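Notes follow the structure.
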Amino acid sequence: MTSKKKKGFHVDESELLCKNGCGFYGNQAWQSFCSKCYREVYQKAREAQLESDALKSKRLAERQTVPTTTTANGESTLTFNKFEEKRKQQQAPKAKTVKTFFKKGPAPATNKEGPHPWTGQRQPSIESQKAASDFTEFLKALKKPAAQDIAKQSKAVIDKLQEQYDLPIEEQSEIVQDFYQNMGDRLQAHPSFKGFNTDQNEKMMENMEKFIMTRLYKTVYCPPFCDDEQKDLAIQNRIRRLHWISAEMIDADIDEKNPEVVDYIEKAQTDIIEMNSKRAPVDKLGCIVRCSKNIFSVLRVSKGQPASADDFLPVLIYIILKANPPQLHSNIQYITRFSNPNKLNQGEAGYYFTNLCCAVKFIEDLDAQSLSLTQDEYDRYMSGETLPPGTEYGEPICEGLRLMYANLATLDELRIRQDRLRENALSLQREIQDFRDSVVKAVQDVLTNKPLIIEQPRGPANIDEDDGNEAKQLPPPLQPEVVAK
C-alpha cells in the first residue's frame, strides 16, 4: 500500500446544503440544489428551451412554404418536406414510441394498478387496498369538510397520472410536486382546514403521500422508458466487485469483533435492504432513518462515546458495500422525484437521505487513490486475482455468505478444540494405565516379601466343657490363708 492520504470519506454538513445558499439540503440528482431551487432553475431552463424550439419550428415552417422553382437546366430545387418530417420524428416523445410498440402486441395479464395501459381495467394490489383502508380510517378522524376536500384532491391527482401514464417521468414528477405545493398552500389558507396546527398539517400531507404514491407505485416507479434499471444493474455490479473493501480502508472506525456492534451492523443492513419493499417515499425514508440510527449505535458502541456526524459517512458507505441493496438507484430516484420536498430539504430524514446520495456517489467514484492503494493493487483486487492482506476468505458479498464464512471459522475453531480434547483424553488414559500398573507391582512386591499366613479361625469358648489343655493354661486357684490377729 502507498502512503497517499485518503480523501472523500468525510464531509462537513455545509457541503450537504444547497449550493444556492437557501439553507436546505441539496442533492446530487438536483445538481447540488435543493428541490425548490432546482425547480426554479429547471423551470427557467425549460421555458428557454420551449421558446427556442418554438422559434426553430416557426423558421422551419416559413422555409417549408418556399415554392419549388425550376432552374435553367430544368432541375427542381429541394423542398423542405423531408426536413419537416425528420424534425417531427426527432421531437416525438420517447414514451409515445414505447406506447405504440407495445400496443401492437396482445395485452398480457398484469397486476398493474390504475387504468391498465391497454385495457383500461383497474386491478388494485393488496398494498393499494391496505393503503386505501388506512387512508379511509384517517379521513374518518377528520372534520367532514377537510376529509372531503383531501379525498377529492387526492383522487384527482391519481386519476390524472393514471390517465397520462405515458408522460415522461420528469413531467409526472412535476405533477406530484405541484400537488404537494398546492396542497401545502391549501392547508394554510382554505376554510376547510381552519384550526389545524402545523403537526396536523404534516400528518395530513404524510397520509396523502402514502395513499397517492402507493396507488401510483407501479406506474411511476422505475418506468420502462427511463434508464433507472440499467443504472441499478451498474451500481449492483460495482458494489459486488468492491466486496473486498474493509472498514479500515475507508476510515470506518468500528469494532467488528464486538458482538453488539455486529448486531447493529446487521440491523442497519436489514433496514437499507428493506427500503426496496416499501412503496411510499415516506416509508422508504423511514428505512433510511432507522439504518442511520443503527449506524450511530455502531459508532457509539465501538468508540465508547457518542459519535460525531463526521464519522457517519464512512460507516454508511461500508454498510452499503456489505448490504448491496437491490434497486438502489431506482429507490433514490423515486424518493427524489415523488417525496414531499419538505421531508428532503430539512430534518433528520433530509440529512440522512443526502448522506445516502453522497455515499452512492463516493462508491461510483472510488479509485486507487481514494483507498490509498497503488493502481496495480487496485486492479488486482477488482479483478478478483487476489485479496487484500489479512483477508482469509475475503469479505462476503451478502449476508448468507457472511454467515457461511463465520460458520466455517467456527468449525475450524471447534476442530482445533476437538483435537486438543482428544490428545488430553489419550494422555489421561495413559496416566490411568500407568497408575494401575504401579499399584499392581507394589502389591506383588508386598506379597513376595511378606507372604500371607492364614490361621484357622477360633471357635467360641465353652466354659462348661472340660478341656484339660485349656485348664493347664489357666492360673492356679487361690488358697485359703490364715490372717494373723
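Hydrogens, waters and symmetry mates are skipped; everything else that's a heavy atom, side chains included, is used. In this text the structure is predicted, and so the values were computed from the model without any measurement.
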To the nearest 0.5 Å, what is the distance between [atom1] ([X]) and [atom2] ([Y])?
X	Y	atom1	atom2	result
L371	I250	CG	CD1	8.0 Å
L328	I272	CG	CD1	7.0 Å
S302	E260	OG	CD	9.0 Å
I335	L285	CD1	CG	4.5 Å
L233	H329	CG	NE2	11.0 Å
W244	L321	CH2	CG	9.5 Å

Give a yes or no on whether the backbone of [Y] and the side-chain of [X] come within a donor-acceptor separation of less than 3.5 Å.
X	Y	value
R238	I363	yes
E377	A368	no
N340	K343	no
S383	D379	yes
S277	E274	yes
D227	Q230	no
Y180	F338	yes
Q200	N197	yes
N324	I320	no

Looking at every non-hydrogen atom in both residues, tell me the closest pair between [X] and [Y] and how far apart they are.
X	Y	result
F179	I212	CE2-CD1, 3.3 Å
D311	P314	O-CD, 3.5 Å
L167	F225	O-CZ, 3.2 Å
E127	T214	O-CG2, 3.7 Å
C291	A268	SG-O, 3.4 Å
A151	L139	CB-CD1, 3.9 Å

side-chain contact (heavy atoms from CB on, under 4.5 Å) partners for [X], two or more places apart:
X	value
N276	Y221, P326, Q327, N331
K210	E206, A280, V282, D283
N424	R420
S292	I288, F312, Y352

Could you tell me whether [X] and [Y] make a salt bridge, using a distance below 4.0 angstrom between a side-chain N and a carboxylate O?
X	Y	result
D376	R380	yes
R337	D228	yes
K267	D271	no
E348	K293	yes

Is there side-chain contact between [X] and [Y], with at least one heavy-atom pair below 4.5 Å?
X	Y	answer
F353	I332	yes
T198	E202	yes
L313	F362	yes
I432	L428	yes
T354	L344	no
N237	R240	yes
M213	Y334	yes
S173	I169	no

With sequence neighbours excluded, residues passing salt bridge (Lys or Arg N to Asp or Glu O under 4.0 Å) with [X]:
X	value
D253	none
D199	none
K140	E137
D232	none

Worksheet item: What do the steps show when you test S297 against N294 for side-chain hydrogen bond (donor to acceptor under 3.5 Å, both in side chains), and what is the final call?
Response: CA-CA 5 Å; S297 297; N294 281 318; 4.8 Å; no
Worksheet, complete the sentence: Applied to residues 246-284, the ring-ring contact (aromatic ring centres under 6.0 Å, His included) test, sequence neighbours excluded, yields none
Worksheet entry | Derivation and outcome, side chain to side chain contact (heavy atoms under 4.5 Å, CB included), residues L387 and Y381 | CA-CA 6 Å; L387 293 172; Y381 295 157; 5.7 Å; no
Worksheet item: What side chain to side chain donor-acceptor pair (under 3.5 Å) pairs are there with at least one residue in residues 435-444, not counting sequence neighbours?
Response: Q433-D437, K441-D445
Is the number of heavy atoms from other residues, nucleotides or ligands under 6.0 Å of [X] [atom1] greater than 12?
X	atom1	result
K303	NZ	yes
E229	CD	no
L447	CG	yes

Worksheet item: What pairs with F135 under ring-ring contact (aromatic ring centres under 6.0 Å, His included), at least two apart in sequence or on another chain?
Response: F211
Item to complete: With sequence neighbours left out, write down each residue that passes side chain to side chain donor-acceptor pair (under 3.5 Å) with D255, or none if nothing qualifies.
Response: none
Discussion item. Test salt bridge (Lys or Arg N to Asp or Glu O under 4.0 Å) on D365 and K361; report intermediate values, then the result.
Written reply: CA-CA 6 Å; D365 297 339; K361 181 63 176 176; 3.7 Å; yes
Worksheet item: Can I265 and Q269 be said to form a side chain to side chain contact (heavy atoms under 4.5 Å, CB included), step by step?
Response: CA-CA 6 Å; I265 289 176; Q269 292 178 358; 3.6 Å; yes
Item to complete: Given side chain to side chain contact (heavy atoms under 4.5 Å, CB included), test Y165 with L161 step by step and report yes or no.
Response: CA-CA 6 Å; Y165 62 88; L161 282 172; over 6 Å; no
